[in-house]
Trainee: 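Questions regarding the structure given below will be posed in turn.
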Amino acid sequence: GKIIKDVMSRGELGIVEKGKNDLQTEADRSAQRCIIASLSHQFPDLTIIGEEEPSHFEVPSDWLMTDFDPEVLSKKCPEEFLTVSEKDIVVWVDPLDGTSEYTQGLLDHVTVLVGVSVGGKAVGGVIHQPYYNYQTKSDTNGRTLWGLVGLGTGGFSPECPPYGKFIVTTTRSHSDGIVQKALDAFRPDEILKVGGAGHKVMLLLEGKAHAYIFASKGCKKWDTCAPEAILTAWGGKLTDIHGNSYDYDKEVEFPNKQGVFATAKGLDHKTLLKVIPQEVLNALP
Ligand SMILES: Nc1ncnc2c1ncn2[C@@H]1O[C@H](COP(=O)(O)O)[C@@H](OP(=O)(O)O)[C@H]1O
Ligand SMILES: [Mg+2]
Ligand SMILES: [Mg+2]
Ligand SMILES: [Mg+2]
């Protein structure tokens, strides 16, 4: 988070266009180097997959994080993970989610995502929001939300969305006709178009939206692993638009080709899926 803020303060974003409507900045590159170097230093047998291309330069020594969160470590590890070894774990890293919004100054849309999968299932995750409340509080360090399936969540106060209303959240920078058709089918009371998969799942976790609907193949495994794990740990659900769960094993393809459909705790995920029109389902087979 600090690296991301430092790059923004210096004002030289070093923007590279990876593809159509797909940017990368110095903050994406540096944050990934910090996260991957720190994790692989402490856990050499982990499989770590990051969004950005690997860098072979050595990272500055003050970028190597060595401390652990005592609050999380004070909790009891769920039985099912006691025998998991480093080799069974795949970590999906999105060093900066919401790059498009970052370059446009919509800073609270930006998050850092570190997702942990075991046996292909998204079970653990961290969403760090470096610019949380940055407009109201001047020297905030941001906040860090976490979740582990079987244990619970921390770093935020989960809330259920309001009754008698249906609020959906979706992309603000990667929409198309099919994305819009899927949204329209729900006749939502409100559509929150915001950046980042992490940011959108936070809206579900904090009761600001009922569903995150993205009928597009644009999101990748690093976008959804951490958010899915935290959402699942709380009681919500994230699947593709057909209702199938994504596999986060190390061999899988990166794109979430069947889109994203996520619902807050207390919603009937299965019934809501039936609202998605056949034409939309056919577009993302
Ligand atoms: N059409 C597309 N092309 C490239 N990336 C896409 C995309 N649609 C979604 N994404 C990626 O999915 C994430 C969430 O998208 P959105 O904010 O539009 O909902 C972003 O992650 P990054 O910002 O980490 O690249 C974004 O780049
Ligand atoms: Mg990107
Ligand atoms: Mg992303
Ligand atoms: Mg990213």
Side-chain angles (χ1 to χ4, degrees), residues 1 3-4 7-8 13-36 48-55 91-115 122 125-131 168-180 182-183 191-204 208-209 211-231 238 240-241 246 248 253-262 280 283-284:
I3 289 170
I4 289 172
V7 170
M8 182 54 77
L13 298 192
I15 296 173
V16 170
E17 214 173 322
K18 293 195 287 183
K20 186 173 162 266
N21 203 358
D22 193 5
L23 304 179
Q24 181 203 65
T25 71
E26 185 52 40
D28 300 65
R29 294 186 288 275
S30 295
Q32 173 160 311
R33 287 173 62 208
C34 164
I35 295 166
I36 294 190
I48 308 170
I49 304 173
E51 172 179 355
E52 313 306 343
E53 238 169 54
S55 146
V91 179
W92 293 90
V93 176
D94 187 343
L96 198 165
D97 184 46
T99 301
S100 177
E101 284 69 25
Y102 178 71
T103 64
Q104 294 168 37
L106 294 167
L107 300 179
D108 49 346
H109 298 215
V110 168
T111 60
V112 179
L113 307 175
V114 181
V126 168
I127 300 178
H128 175 66
Q129 187 182 24
Y131 292 100
V168 302
T169 182
T170 193
T171 183
R172 68 172 279 286
S173 56
H174 298 97
S175 195
D176 60 31
I178 291 290
V179 167
Q180 194 57 44
L183 294 171
I191 302 180
L192 306 175
K193 296 191 171 176
V194 302
H199 184 46
K200 283 185 268 292
V201 169
M202 286 198 305
L203 294 178
L204 299 184
K208 307 268 172 32
Y212 166 16
I213 306 168
F214 187 50
S216 154
K217 54 183 193 301
C219 274
K220 323 286 187 310
K221 295 294 174 302
W222 45 75
D223 292 306
T224 49
C225 185
E228 177 179 336
I230 303 175
L231 190 63
L238 187 150
D240 68 21
I241 63 165
Y246 280 114
Y248 294 93
E253 56 178 9
F254 298 151
N256 292 337
K257 283 192 179 151
Q258 286 77 36
V260 176
F261 186 77
V280 172
L284 299 173

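Counting convention: from 1, in listed order, for ligands and their atoms alike.
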Trainee: May I ask you to test the Arg33-Ile3 pair for a side-chain heavy-atom distance under 4.5 Å?
Mentor: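 Side-chain contact under 4.5 Å: no.
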Trainee: Can you confirm whether more than 12 heavy atoms, excluding those of Glu53, are under 6.0 Å from its CD atom?
Mentor: no
Trainee: For ligand 1, indicate whether the residue Lys220 contacts it via side chain, backbone, both or neither (heavy-atom separation under 4.0 Å).
Mentor: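 Near ligand 1, Lys220 shows its side chain, while the N, CA, C and O stay back.
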Trainee: In the protein, what heavy atom is nearest to atom 25 (O) of ligand 1, and what distance, to one decimal place, separates them?
Mentor: Glu51 OE2, 3.2 Å
Trainee: From atom 13 (C) of ligand 1, work out which of Thr169, Thr224, Asp223 has a heavy atom at the shortest distance.
Mentor: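 Looking at heavy atoms only, the winner is Asp223.
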Trainee: Could you report the tightest heavy-atom contact between Gln258 and Leu284, atom names first, then the distance?
Mentor: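 Heavy atoms of Gln258 and Leu284 come nearest at CG-O, 3.6 Å.
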Trainee: If I compare all heavy atoms of Gly195 with all of Glu101, which pair ends up nearest, and what's the gap?
Mentor: CA-CD, 3.3 Å
Trainee: Which residue and non-hydrogen atom of the protein lie closest to atom 14 (C) of ligand 1, and at what distance in Å?
Mentor: Ala197 N, 3.7 Å
Trainee: Is there a donor-acceptor pair closer than 3.5 Å between any side-chain N or O of Asp94 and the backbone N or O of Leu113?
Mentor: no
Trainee: Checking a contact table here: which protein heavy atom is nearest atom 17 (O) of ligand 1, and how many Å away?
Mentor: Gly196 N, 2.6 Å
Trainee: Quick check: Glu101 and ligand 1, any N/O pair under 3.5 Å apart?
Mentor: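 N/O-N/O distance under 3.5 Å: no.
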Trainee: Considering only heavy atoms of Gly195, which atoms of ligand 1 have at least one such atom less than 4.0 Å away?
Mentor: 17 (O)
Trainee: Within ligand 1, which atoms have a heavy atom of Cys219 less than 4.0 Å away?
Mentor: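 Per the distance check, 9 (C), 12 (O).
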Trainee: From the options Glu17, Glu51, Glu52, select the one residue that forms a side-chain hydrogen bond (donor to acceptor under 3.5 Å, both in side chains) with Gln24.
Mentor: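 The option that passes is Glu52.
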Trainee: Looking at ligand 1, would Phe214 count as a contact under a 4.0 Å heavy-atom criterion?
Mentor: yes
Trainee: Can Glu228 and Thr224 be counted as having a side-chain donor-acceptor contact under 3.5 angstrom?
Mentor: no
Trainee: Side chain, backbone, both or neither: which applies to Leu96 and ligand 1 if a contact is any heavy-atom pair less than 4.0 Å apart?
Mentor: backbone
Trainee: What protein heavy atom is closest to atom 23 (O) of ligand 1, reported as residue, atom name and distance in Å?
Mentor: Gly98 N, 2.8 Å
Trainee: Can you tell me which residue and heavy atom of the protein come closest to atom 27 (O) of ligand 1, and the distance to 0.1 Å?
Mentor: His174 CE1, 3.8 Å
Trainee: Measuring from atom 18 (O) of ligand 1, which candidate in Val110, Asn21, Thr171, Asp97 has the nearest non-hydrogen atom?
Mentor: Thr171
Trainee: Taking only heavy atoms of Ser173, which atoms of ligand 1 are found under 4.0 Å from at least one of them?
Mentor: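 Ligand 1 atoms under the 4.0 Å threshold to Ser173: 18 (O).
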Trainee: Out of Thr171, Asp108, Thr169, which one pairs with Val194 under the side-chain contact (heavy atoms from CB on, under 4.5 Å) rule?
Mentor: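 Going through Thr171, Asp108, Thr169 one by one, the side-chain contact (heavy atoms from CB on, under 4.5 Å) with Val194 is satisfied by Thr169 alone.
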Trainee: What closest approach, in Å, do Pro227 and Gly198 show between heavy atoms, and which atom pair accounts for it?
Mentor: CG-CA, 4.0 Å
Trainee: Determine whether Met8 and Leu13 make a side-chain contact, defined as any pair of heavy atoms from C-beta on separated by less than 4.5 Å.
Mentor: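 Contact flag for Met8/Leu13 side chains = yes.
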Trainee: Decide whether the shortest distance between a heavy atom of Ser100 and an atom of ligand 1 is less than 4.0 Å.
Mentor: no
Trainee: In the protein, what heavy atom is nearest to atom 11 (C) of ligand 1, and what distance, to one decimal place, separates them?
Mentor: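 Going atom by atom, the protein heavy atom closest to atom 11 (C) of ligand 1 ends up being Gly218 O, 3.7 Å.
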Trainee: If you define the side chain from C-beta out and look only at heavy atoms, does anything of Val16 sit under 4.5 Å from Arg29?
Mentor: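 Yes - at least one pair of side-chain heavy atoms lies under 4.5 Å apart.
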Trainee: Looking only at atom types and distance, does a side-chain atom of Asn21 sit under 3.5 Å from a main-chain N or O of His174, one as donor and one as acceptor?
Mentor: no
Trainee: What protein N/O/S atoms sit under 2.8 Å from the Mg ion (ligand 3), by chain and number?
Mentor: Asp94 OD2, Asp97 OD1, Asp223 OD1
Trainee: Is the contact between Lys200 and ligand 1 made by the side chain, the backbone, both, or neither, using heavy atoms and a 4.0 Å cut-off?
Mentor: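 The part of Lys200 near ligand 1 is the side chain, not the backbone.
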Trainee: Polar contacts were defined as any N/O atom of the residue lying under 3.5 Å from an N/O atom of the ligand; does this apply to Asp94 and ligand 1?
Mentor: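 Yes; the residue has a nitrogen or oxygen that sits under 3.5 Å from a nitrogen or oxygen of the ligand.
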Trainee: Give the minimum heavy-atom separation between Lys220 and Asn256, together with the two atoms involved.
Mentor: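 Closest heavy-atom pair between Lys220 and Asn256: O-ND2, 3.3 Å.
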Trainee: Taking all non-hydrogen atoms of both residues into account, name the closest pair between Ala215 and Val179 and its distance.
Mentor: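 Here Ala215 and Val179 meet closest at O-CG2, 3.4 Å.
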Trainee: Angle between ring planes, Tyr102 versus Tyr131, binned at 30° and 60°: parallel, tilted or perpendicular?
Mentor: tilted
